[in-house]
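Worksheet: the structure to be examined is printed underneath.
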Amino acid sequence: MLSRLEPSAGKLLISEPFLMDPNFKRSVVFLTEHQEEGTVGFILNQRSTLLLNDLVPDFAGADFPVYLGGPVAIDTIHFIHRRHDLITDGEEIAKGVCWGGNFETLKVLINNRLIQPADIKFFIGYSGWSGAQLKNEMKENTWIVSDQFHADVVFSNNEEELWKEVIINLGPKYAHVSNFPQDPNLN
């Protein structure tokens with residue numbers, strides 16, 4: 001097995017370099033929930049062309065980017081943030097990273113410019129796996145699990161380099177993988 005860790009909330013799932021599924025190609029997924037029944041997470045490095053105020057008119061002037069969280073329930077909006085001091089009812093998933101919170105409170109904070117784009121990420125949809133599905137994908141070496149990251153990685157807006165960065169952070173055993181071409185036929 002490629003990964004030395006088991007998935008759990010607060011860890012990253014990093015796609016193997018040649019995963020061709022367009023939903024997860026060179027993706028980094030932040031896991032927010034992992035139980036026997038299933039797993040939930042959000043793709044951190046697939047920015048959409050939408051802004052928050054395109055989706056929610058109540059957020060006037062909120063030009064926060066919106067990411068494609070995954071292929072499940074793409075008619076829903078989710079968010080992770082690092083402002084647990086202001087959004088107190090979110091759930092801390094990893095050190096410095098919270099999931100969700102009161103949307104009305106969030107609206108007031110954003111409209112009063114107390115939350116900045118570097119503090120929060122919004123997602124359309126989410127990534128989800130049934131109980132055995134992720135376990136099977138792990139056996140097939142589709143994913144590498146990482147706990148070697150800082151909260152800044154989760155809120156990075158450098159989508160192009162994020163996958164490489166988290167691979168390199170895994171250490172020398174994995175660093176060479178970051179240089180694999182996206183299409184092995186071009187090698």
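Worth knowing before you read on, the calculation uses all heavy atoms, side chains too, and leaves out hydrogens, waters and symmetry mates.
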Quick one: which residue pairs count as a side-chain hydrogen bond (donor to acceptor under 3.5 Å, both in side chains) with a foot in residues 111-122, not counting sequence neighbours?
none

Is a side-chain donor-acceptor pair under 3.5 Å present for S8 with H34?
no

Between H81 and I87, is any pair of side-chain heavy atoms under 4.5 Å apart?
yes

Would you say the side chain of N157 lies within less than 4.5 Å of the side chain of R47, judging by non-hydrogen atoms?
yes

If only atom types and distance count, is the side chain of W163 paired as donor or acceptor with the main-chain N or O of S15 below 3.5 Å?
yes

Taking only residues two or more places apart in sequence, or in another chain, which ones meet L55 in a side chain to side chain contact (heavy atoms under 4.5 Å, CB included)?
L50, V66, I77, I124

Can I120 and I80 be said to form a side-chain contact (heavy atoms from CB on, under 4.5 Å), step by step?
CA-CA 6 Å; I120 194 164; I80 57 176; over 6 Å; no

Where does the angle between the aromatic ring planes of F79 and F122 fall among parallel (under 30°), tilted (30 to 60°) and perpendicular (over 60°)?
tilted

Do the rings of F42 and F123 sit parallel, tilted or perpendicular, given the 30° and 60° boundaries?
parallel

Under the ring pair (Phe, Tyr, Trp, His ring centres under 6.0 Å) criterion, do F24 and W143 qualify, and how do the steps go?
CA-CA 10 Å; F24 295 107; W143 301 102; 5.5 Å; yes

Does E104 have any side-chain hydrogen bond (donor to acceptor under 3.5 Å, both in side chains) partners at least two apart in sequence or in another chain, and if so, which?
K107

Rounded to the nearest 0.5 Å, what separates atom OG in S48 from atom OH in Y67?
9.0 Å

